[in-house]
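Notes follow once the structure below has been shown.
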Amino acid sequence: MSGLFPGFLILSAAMFAIGAAGVLVRRNPLVVFMCIELMLNSANLALVTYARYTHTMAGQVFALIVIAVAASEVVVGLALITGVYRSGRRLDLDELSEMSE
Amino acid sequence: MSVVFGLAAVIAFLGALGVVLSQRTIYSAMSLVLNMVALAVLFLLLDAQFIAAVQIIVYAGAVMVLFVFIIALLSPGAEERLRSVELRLLLGGVGAVAFTLLIGRLTLNGITVGAHGRLHGALGPFSPVAVNAHGQVQTLGDQLFTTYLLPFEVTSLLLLVAAVGAVYLSRRRRQLV
C-alpha cells in the first residue's frame with residue numbers, strides 16, 4: 001500500500017473544512033456556492049482515494065454522480081441568485097432572511 | 001510520484017484558501033478553477049483518468065464558465081465588509097484547523113489504515129493493474145451500466161429536474177415568488 005493514502009485523505013479533510021468555514025463565514029451567496037463546490041470536490045477526492053486503495057470501482061462511479069449532482073445544484077442555485085438580484089435586493093445572505101420566517 | 005502529489009496538494013490547498021479569503025468574487029472563482037485543476041492532477045495520480053477528464057470538462061469548464069458568467073452579469077464587485085467579519089474568519093479558521101487535525105489524527109491513528117499500512121478487509125477485484133489491462137474507461141463504463149445502472153438513471157432524472165427548475169426560476173415575471 002502506498003504511503004500517500006493518508007495524504008490524500010488529509011487534503012480532502014482540509015478542503016472540506018475550508019469549504020465549511022467559508023459557507024459559515026462568507027455572506028456573498030456566489031462565494032458560498034463556490035465553497036459548497038469545494039466541499040463536494042473534497043468528497044470526490046475521498047471517494048476516488050478509497051476506490052483506488054480498496055481496489056473497487058464504486059467510489060469512482062459515485063464521484064461521477066456527485067459531479068452531476070453538483071452541476072444541477074449550481075444551475076438551480078444560480079437561477080435563484082439571479083432571481084433575488086432581479087427583485088432588487090442586495091446579494092447579502094445576512095439580509096436575505098425572509099425565507100426562514 | 002510523491003513530488004507531483006505534494007505540488008498538486010499544495011496548489012489545491014492554496015486554491016481552497018483563495019476561494020474563502022479573496023475579497024473579490026472573481027478571484028474566488030479563479031482560485032476555485034486552480035483548485036479543480038490541481039484536483040484533476042490528483043485524480044490522475046489515483047488512476048482515475050476518466051474522473052480527471054470529467055473534472056476538467058464539467059467543473060473547470062462548464063460549471064466555472066456559468067459562475068464567471070453570473071459574476072459578470074451581477075457584478076457584485078468587492079465584498080467591502082470582509083474586514084468587519086474578522087472574528088468570524090478567525091472562528092472559521094480555528095474550526096477548520098480543528099476539523100482537519102481531527103480527521104488527520106483518525107487517519108494516521110489506524111482507523112482507516114491497518115497496522116501494516118493496509119486497509120482493513122479484503123481488496124476488490126479492480127486493482128490498478130487489472131483495470132489498466134481492461135481499460136480504465138471501459139471498466140468504469142461497464143460498472144456504470146450494469147451494477148450501478150439505477151443510480152445512473154436517477155442522476156439523469158435529477159439533471160432533467162434541475163434543467164426544468166432552472167428554466168422555471170429564471171423565467172421573466174412580475175415578482176419573485
Side-chain angles (χ1 to χ4, degrees), chain A residues 1 3-11 13-22 24-28 30-31 34-35 37-38 41 44-45 48-49 51-58 60-65 67-72 74-76 78-87 91, chain B residues 2 5 9 12-13 16-17 19-20 25 28-29 32 35-36 39 42-43 46-48 51 54 58-59 63 66 70-71 74 76 79 85 88-89 92-93 95-96 99-100 103-104 107-108 112-113 117-119 123-127 139-140 143-144 148 151 155 158-159 162 165-166 169-170 176:
Chain A
M1 277 299 154
L4 287 181
F5 176 70
F8 281 109
L9 284 188
I10 291 171
L11 176 66
M15 276 174 53
F16 187 89
I18 291 171
L24 296 177
V25 167
R26 297 300 298 256
R27 286 184 294 198
N28 186 333
L30 285 167
V31 179
M34 284 186 238
C35 291
E37 295 301 306
L38 203 58
N41 264 317
N44 270 349
L45 182 60
V48 176
T49 304
R52 165 69 176 72
Y53 287 101
T54 57
H55 295 187
T56 50
M57 223 55 194
Q60 291 194 26
V61 171
F62 279 98
L64 268 183
I65 290 174
I67 288 176
V69 168
S72 39
V74 163
V75 165
V76 175
L78 290 181
L80 274 173
I81 290 177
T82 46
V84 167
Y85 181 78
R86 230 190 292 162
S87 70
L91 287 177
Chain B
S2 55
F5 170 76
F13 184 74
L17 279 183
V19 174
V20 177
T25 319
S28 289
L32 191 54
N35 175 273
M36 284 167 175
L39 269 190
L42 291 176
F43 288 154
L46 287 168
D47 295 311
I51 305 288
V54 169
V58 175
Y59 259 130
V63 169
L66 189 63
I70 294 292
I71 290 169
L74 305 185
E79 189 171 307
V85 294
R88 293 210 291 189
L89 267 181
F99 180 80
T100 309
I103 297 286
T107 306
L108 296 176
T112 53
V113 187
R118 279 180 56 95
L119 288 166
L123 293 176
F126 298 103
S127 72
T139 313
L140 187 58
Q143 288 296 305
L144 198 58
Y148 302 101
T155 307
L158 177 76
L159 285 172
L169 282 172
S170 55
L176 189 76

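A, B, ... follow the sequence lines: proteins, then strands. Residue 1 opens every chain.
Among B:Thr139, B:Val63, B:Thr100, the residue making the largest number of heavy-atom pairs under 4.5 Å with chain A is B:Thr100. In terms of heavy-atom pairs under 4.5 angstrom with chain B, the leader among A:Ile65, A:Val75, A:Ile67, A:Ile18 is A:Ile18. Interface check for chain B: of the options A:Thr82, A:Thr56, A:Ile81, A:Val69, the most heavy-atom pairs under 4.5 Å are formed by A:Thr56.
The contact between B:Leu39 and chain A is made entirely by side chain atoms (from C-beta outward), counting heavy-atom distances below 4.5 Å. The contact between B:Ser28 and chain A is made by backbone and side chain atoms together, counting heavy-atom distances below 4.5 Å. If you measure heavy-atom distances from A:Ala58 to chain B, the contacts under 4.5 Å come from both the backbone and the side chain. Both the backbone and the side chain of A:Leu64 come within contact range of chain B, judged by heavy atoms closer than 4.5 Å. Of the atoms belonging to B:Val58, it is side-chain heavy atoms, and not backbone ones, that fall under 4.5 Å from chain A. For A:Phe8, the parts sitting under 4.5 Å from any heavy atom of chain B are the backbone and the side chain alike. Using a 4.5 Å cut-off between heavy atoms, B:Asp47 contacts chain A through both its backbone and its side chain. Only the side chain of B:Leu32 comes within contact range of chain A, with at least one heavy atom under 4.5 Å from a heavy atom of that chain.
Residue B:Leu159 comes nearest to A:Ala68 through the heavy atom pair CD2-O, 3.8 Å, listed as atom of the first residue, atom of the second, then distance. A:Met15 and B:Ala12 make their closest contact through SD-CB, 4.5 Å (heavy atoms, listed as atom of the first residue, atom of the second, distance). Shortest non-hydrogen contact noted between B:Phe5 and A:Gly7 is CZ-C, 3.5 Å. Nearest heavy atom pair, residue A:Cys35 against residue B:Val19, reads SG-CG1, 4.1 Å. In terms of heavy-atom proximity, A:Ala79 sits nearest to B:Leu169 at CB-CB, 3.8 Å.
Within 6.0 Å of atom CZ in B:Phe99, more than 12 heavy atoms from other residues, nucleotides or ligands are found, so the atom counts as buried in its surroundings.
For B:Ala162, the side-chain contact (heavy atoms from CB on, under 4.5 Å) criterion is met by A:Ser72, A:Val76, not counting sequence neighbours.
Judged by distance alone, with hydrogens and angles left aside, the side-chain atoms of A:Arg52 form no donor-acceptor pair with the main-chain N or O of B:Phe43 at under 3.5 Å.
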